[in-house]
A.B. asks: 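For reference, the structure I am asking about is given below.
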Protein chains: 2
Amino acid sequence: MSQEQRTKSQTKTAIDGLKELIFSGELPAGSDHLETELAQRLGMSRTPVREATLMLEGQGLLEVRPRKGVRILSLSVVDMDEIYELLTELESLAARRAANAGHSKDDLSVLANAIDEMETALASEDRESWARADEKFHTELVRLGGNSRVISIVANFNNQVRRARAMTLYIRPLPEKSNEDHRAVLEAIAAGDAALAFSVHHEHRSNARKMLIELLKKHGLKHV
Amino acid sequence: MSQEQRTKSQTKTAIDGLKELIFSGELPAGSDHLETELAQRLGMSRTPVREATLMLEGQGLLEVRPRKGVRILSLSVVDMDEIYELLTELESLAARRAANAGHSKDDLSVLANAIDEMETALASEDRESWARADEKFHTELVRLGGNSRVISIVANFNNQVRRARAMTLYIRPLPEKSNEDHRAVLEAIAAGDAALAFSVHHEHRSNARKMLIELLKKHGLKHV
DNA sequence: GCATTATTTAATGTATACGCAATGTAATGC
DNA sequence: GCATTACATTGCGTATACATTAAATAATGC
């Protein structure tokens, strides 16, 4: 954790608080909440809550519906598919850029570590640890890509699918083959083979997308 | 134009007003403006202006800098390059999806018309008309792609580069070859050839990107 | 004179007040 | 009973008041 601001503004507090409430499921997808209720809950006046909800609406986490309250957004299968398609493209773009950037072995150590962590986690079937390492890998990959717009868009959509991912973590098959892909991507980047990095990662992500969508359909999860 | 809201909220008025002021250059890139000043200018209190600036900050049009005022963002060459790279990828994705969607000739008429309009405009060297038709083509292409996330992201970044595009409209060479690409993309989509639609459009966009970046550098436009 | 501290200023962040419009409820006419 | 209209409620949009604090300025000691 980075050093906290001397005094965090109420609006920031509200943003973080709401995010946390949403991610944790305390404000479930589809639920409605009046500004006054949220303000009370967060211990502040309506003003900063209002500003926070407007910003989070811009980030696709909720919807402000006058007189109906703030609605926490749920994602349909189509939404998930759209987002995964987008993430596939953007992460693959990042992989290509990362390969072209000529990163040193040292630069790539976070990726390598994440892969190791996933391996360890897989061996002990520790899905939570695996998920953390997986997210670390993908986040770092995008960071290495270096396109700041891509970085923030990907981060944003990862937030949007966070709940869904957590929800499916225990019902999906252990990603045995996944790490082969990760290693292949890492190697392509280390070798500076941009086309390969792109295509391998694209394939990897496409597969994950298909798997997830099938899973959602199979379990009748129309909204997550 | 769609029927106006009975009563447009002040916040919406502020958003539209600020956008217009930014796009028109009345609030030049890099300039700073206090909330009070903007409120007076827009004829309303600080509250809706504040909400508007926060939302526009989320859209990358300006930056809220406490005590320094709202700064209208300018884009560096690197920024432009990042954005064009992103647009290249997302529009190409849209082209692929459009090709896979099995659109009828009728569905593709807007694209076809836009191409014709560009041709006409080119013949009379009417750059403004050409730019409008070109934007129409690209917007429609993305719309046909049908991924709503992609649609809104592309729209957003088009807003961000709007000024820069206007600025370079008269100093860049007439895009003689450009329409060949557009036609090729249209044909690939009509034929349902997704891979071709993707690659042709990707190439088209990459070229435009290179051209623009060269142009900015050549003219010493470090910030637009 | 220069650096440091105290003071003032001003712009923001936040709370609050208030009117309006949308929603629900009761009353009325048929 | 049912539809329609009047009424009450309430949640939001906006203005405004106030507190806070960063920045600018003045004052002080050396």
Side-chain angles (χ1 to χ4, degrees), chain A residues 2-22 26-74, chain B residues 2-22 26-74:
Chain A
S2 68
Q3 182 81 8
E4 295 205 74
Q5 294 273 108
R6 187 79 40 91
T7 54
K8 202 156 85 168
S9 84
Q10 295 288 67
T11 301
K12 266 209 195 75
T13 308
I15 292 173
D16 293 347
L18 287 175
K19 273 190 187 167
E20 185 48 36
L21 288 171
I22 293 171
E26 280 189 73
L27 302 182
S31 62
D32 295 323
H33 308 275
L34 299 179
E35 287 180 1
T36 314
E37 174 210 328
L38 294 174
Q40 222 160 24
R41 197 155 178 169
L42 296 167
M44 59 185 70
S45 80
R46 272 176 55 221
T47 306
V49 172
R50 218 179 127 76
E51 293 187 350
T53 58
L54 289 174
M55 291 168 93
L56 293 179
E57 181 174 45
Q59 292 175 31
L61 286 177
L62 49 82
E63 191 187 357
V64 174
R65 308 167 60 219
R67 312 205 152 254
K68 304 279 179 69
V70 169
R71 167 159 296 180
I72 311 304
L73 284 187
S74 70
Chain B
S2 68
Q3 183 79 8
E4 292 205 77
Q5 293 274 106
R6 190 79 38 92
T7 55
K8 201 157 86 168
S9 84
Q10 295 290 66
T11 301
K12 266 208 193 75
T13 307
I15 291 172
D16 293 347
L18 287 175
K19 272 190 186 167
E20 185 48 35
L21 288 171
I22 293 171
E26 279 189 72
L27 302 183
S31 60
D32 293 323
H33 308 274
L34 299 178
E35 287 180 0
T36 313
E37 174 210 328
L38 294 174
Q40 225 161 20
R41 197 154 176 170
L42 295 167
M44 59 184 71
S45 82
R46 271 179 55 222
T47 307
V49 172
R50 218 179 129 76
E51 292 186 350
T53 58
L54 289 174
M55 292 169 92
L56 293 179
E57 182 174 44
Q59 294 176 30
L61 286 177
L62 49 82
E63 192 186 357
V64 174
R65 308 167 62 221
R67 310 195 164 260
K68 304 279 179 70
V70 168
R71 168 159 296 181
I72 311 305
L73 284 187
S74 70

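Residue numbering restarts at 1 for every chain, and letters A, B, ... go by the order of the sequence lines. This is a predicted model, so every value here is computed, not measured.
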A.B. asks: May I have the distance from A/Lys8 (atom NZ) to C/dG13 (atom P), rounded to whole angstrom?
C.D. replies: 16 Å
A.B. asks: Roughly, in whole Å, what's the span from NZ in B/Lys12 to P in D/dC12?
C.D. replies: 15 Å
A.B. asks: Rounded to the nearest 0.5 Å, what's the gap from CZ on A/Arg50 to OG1 on A/Thr47? Could you check?
C.D. replies: 8.5 Å
A.B. asks: If we only count heavy atoms from C-beta on, is the B/Ile15 to B/Glu51 side-chain gap below 4.5 Å?
C.D. replies: no
A.B. asks: Which atom names give the shortest non-hydrogen contact between A/Met44 and A/Ala14, and what distance separates them?
C.D. replies: SD-CB, 3.8 Å
A.B. asks: Atom CZ of B/Arg67 and atom P of C/dT14: how far apart are they, to the nearest Å?
C.D. replies: 11 Å
A.B. asks: Calculate the interatomic distance between A/His33 atom NE2 and D/dC12 atom C1'; express it in whole Å.
C.D. replies: 17 Å
A.B. asks: For B/Thr11 and B/Ala52, which heavy atoms make the closest approach, and how far apart are they?
C.D. replies: O-CB, 4.1 Å
A.B. asks: Can you tabulate the close N/O pairs, meaning under 3.5 Å, that link protein atoms to atoms of nucleotides 15-17 of chain C?
C.D. replies:
from, atom 1, to, atom 2, distance (Å)
C/dA15, OP2, A/Ser45, N, 2.9
C/dA15, OP2, A/Ser45, OG, 2.4
C/dA15, O5', A/Ser45, OG, 3.2
C/dA15, N7, A/Thr47, OG1, 2.8
C/dT16, O4, A/Thr47, OG1, 3.4

A.B. asks: In residues 49-58 of chain B, what residues come within less than 4.0 Å of DNA chain C, judged by heavy atoms?
C.D. replies: B/Arg50
A.B. asks: I need the CD-P distance between B/Glu35 and C/dT14, as an integer number of Å.
C.D. replies: 12 Å
A.B. asks: So for atom CD, which belongs to A/Gln40, do other residues, nucleotides or ligands contribute more than 12 heavy atoms lying within a distance under 6.0 Å?
C.D. replies: no
A.B. asks: Less than 4.0 angstrom between a side-chain N/O of B/Thr11 and OP1 or OP2 of D/dG13, yes or no?
C.D. replies: no
A.B. asks: Heavy-atom distance under 4.5 Å between the side chains of A/Thr53 and A/Leu18, does that happen here?
C.D. replies: yes
A.B. asks: Quick check for you: to the nearest 0.5 Å, what is the distance between B/Leu21 atom CG and B/Leu38 atom CG?
C.D. replies: 8.0 Å
A.B. asks: Please report, rounded to the nearest Å, how far the C1' atom of D/dG13 is from the CG atom of A/Leu34.
C.D. replies: 15 Å
A.B. asks: Can you tell which of D/dT21, D/dT14, D/dA23 lies closest to the side chain of B/Ser9?
C.D. replies: D/dT14
A.B. asks: Can you give the donor-acceptor pairs under 3.5 Å from side chains of residues 55-70 of chain B to other protein atoms, not counting sequence neighbours?
C.D. replies:
from, atom 1, to, atom 2, distance (Å)
B/Glu57, OE2, B/Val64, N, 2.9
B/Arg65, NH1, B/Asp32, OD1, 3.4

A.B. asks: Once you round to the nearest 0.5 Å, how far does OG of B/Ser31 lie from CD of B/Glu26?
C.D. replies: 11.0 Å
A.B. asks: Find the distance B/Asp32:CG to D/dA23:P and express it as a whole number of Å.
C.D. replies: 13 Å
